[in-house]
Structure formats: C-alpha cells, structure tokens
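One structure below.
Fair warning: this is a prediction, and the values are worked out from it, not measured in the lab. The analysis underlying the following values was restricted to heavy atoms, covering all of them including side chains, and did not include hydrogens, waters or symmetry mates. Positions are given from 1 along the sequence.
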Amino acid sequence: MTTPTDTPPDRLSTNPSSPHFDQDLLGRGIGIRFKGNERHDVEEYCISEGWIRVALGKKVDRHGNPLTLKLSGEVEAWFERGAGGEDTPEAE
C-alpha cells in the first residue's frame, strides 16, 4: 500500500487521456504559482522542466480537445487539501 505524500508530482495533467492524469491527486486540489502569480487555468504542468499549459480561450482541435499554449518559467505546486480532505496551511 502506498502512502499519500504532501508533495505534488513533478508533472500532472487535467486531461483524462494523458499518461500524467491522476484523478485522486486532482481531487485533492492542486495550487499552481507560475512566475510568482497564482494561476487557476492550468491544464498541465511540469516543475522540473519549468512549464505550464493553459487553454487558448474556447478554441479546440479537430478532436474537440482544447488548444493549449505552453508557457515557460518558474513553477511551484502544492496540494490545497491534505490526503484526508483537510485544508493545508499553504492553501489559506
């Protein structure tokens, strides 16, 4: 049995078809700070490579998936709720 940690994964996506998608982790809520500003529109992030993907408005590709823009810069991530559902101090 694995124990949940308080450190978010290096890479996470909100797209269910992505290999980096994890519903359990997304259910805890992920906070993202990009270049010093909190972002609430992040589709995917990678801390080690220093980038986030955000949707380009309402534009979609031919498969109906949102078009995204990759932005490079310093990325910080944290869980907004603990493993048991309680709020973490970082989220306040």
Side-chain angles (χ1 to χ4, degrees):
M1 180 173 141
T2 61
T3 58
T5 66
D6 288 334
T7 305
D10 178 57
R11 187 169 177 179
L12 190 62
S13 174
T14 59
N15 184 347
S17 63
S18 170
H20 303 288
F21 176 79
D22 188 329
Q23 182 62 45
D24 294 335
L25 293 178
L26 291 171
R28 290 179 63 183
I30 301 287
I32 300 292
R33 187 173 294 119
F34 179 70
K35 293 185 177 180
N37 297 319
E38 273 192 47
R39 300 285 301 245
H40 302 284
D41 59 347
V42 176
E43 300 278 329
E44 185 174 1
Y45 73 86
C46 183
I47 297 170
S48 64
E49 295 177 13
W51 57 262
I52 62 171
R53 285 196 184 275
V54 294
L56 271 174
K58 296 183 179 184
K59 297 182 184 211
V60 294
D61 65 11
R62 63 183 176 174
H63 303 290
N65 299 317
L67 290 178
T68 59
L69 181 65
K70 187 176 184 179
L71 304 173
S72 297
E74 181 183 352
V75 179
E76 298 175 54
W78 65 89
F79 285 117
E80 294 180 337
R81 289 179 293 284
E86 71 278 356
D87 286 344
T88 60
E90 182 89 27
E92 295 175 354

To the closest 0.5 Å, what do you measure between [atom1] ([X]) and [atom2] ([Y])?
{"X": "Ile30", "Y": "His40", "atom1": "CD1", "atom2": "NE2", "answer": "13.5 Å"}
{"X": "Tyr45", "Y": "Arg53", "atom1": "OH", "atom2": "CZ", "answer": "15.0 Å"}
{"X": "Ile52", "Y": "Ile47", "atom1": "CD1", "atom2": "CD1", "answer": "12.0 Å"}

field: Lys/Arg-Asp/Glu bridge criterion (N-O < 4.0 Å) met for Arg11, Glu44
entry: yes
What pairs of donor and acceptor atoms, side-chain ones from residues 13-23 against any protein atom, are under 3.5 angstrom apart with sequence neighbours left out?
{"unit_1": "Ser13", "atom_1": "OG", "unit_2": "Asn15", "atom_2": "N", "d": "3.1"}
{"unit_1": "Thr14", "atom_1": "OG1", "unit_2": "Glu43", "atom_2": "O", "d": "3.0"}
{"unit_1": "Thr14", "atom_1": "OG1", "unit_2": "Glu43", "atom_2": "OE1", "d": "3.4"}
{"unit_1": "Asn15", "atom_1": "OD1", "unit_2": "Ser17", "atom_2": "N", "d": "3.0"}
{"unit_1": "Asn15", "atom_1": "OD1", "unit_2": "Ser17", "atom_2": "OG", "d": "2.9"}
{"unit_1": "Asn15", "atom_1": "ND2", "unit_2": "Ser17", "atom_2": "OG", "d": "3.4"}
{"unit_1": "Ser18", "atom_1": "OG", "unit_2": "His20", "atom_2": "N", "d": "3.0"}
{"unit_1": "Asp22", "atom_1": "OD1", "unit_2": "Asp24", "atom_2": "N", "d": "3.1"}
{"unit_1": "Asp22", "atom_1": "OD1", "unit_2": "Leu25", "atom_2": "N", "d": "3.4"}

- prompt: Could you go step by step and tell me if Glu76 and Phe34 meet the side-chain contact (heavy atoms from CB on, under 4.5 Å) rule?
  reply: CA-CA 7 Å; Glu76 298 175 54; Phe34 179 70; over 6 Å; no
- request: Determine the sole option in Val42, Leu12, Asn37 for which the side-chain contact (heavy atoms from CB on, under 4.5 Å) test with Ile32 is passed.
  value: Val42
Under 3.5 Å donor-acceptor pairs involving side-chain atoms of residues 58-65, not counting sequence neighbours:
{"unit_1": "Asp61", "atom_1": "OD1", "unit_2": "His63", "atom_2": "N", "d": "2.9"}
{"unit_1": "Asp61", "atom_1": "OD1", "unit_2": "Gly64", "atom_2": "N", "d": "3.0"}
{"unit_1": "Asp61", "atom_1": "OD1", "unit_2": "Asn65", "atom_2": "N", "d": "2.9"}

- request: Check whether any side-chain N or O of Arg81 sits under 3.5 Å from a backbone N or O of Gly27 as a donor-acceptor pair, and report yes or no.
  value: yes
Flag side-chain contact, heavy atom, 4.5 Å: Asp10 against Cys46: yes
query: For the hydrophobic clusters of this structure (ILVMFWY residues joined by side-chain heavy atoms under 4.5 Å, transitively), does one cluster hold both Leu71 and Trp51?
result: no
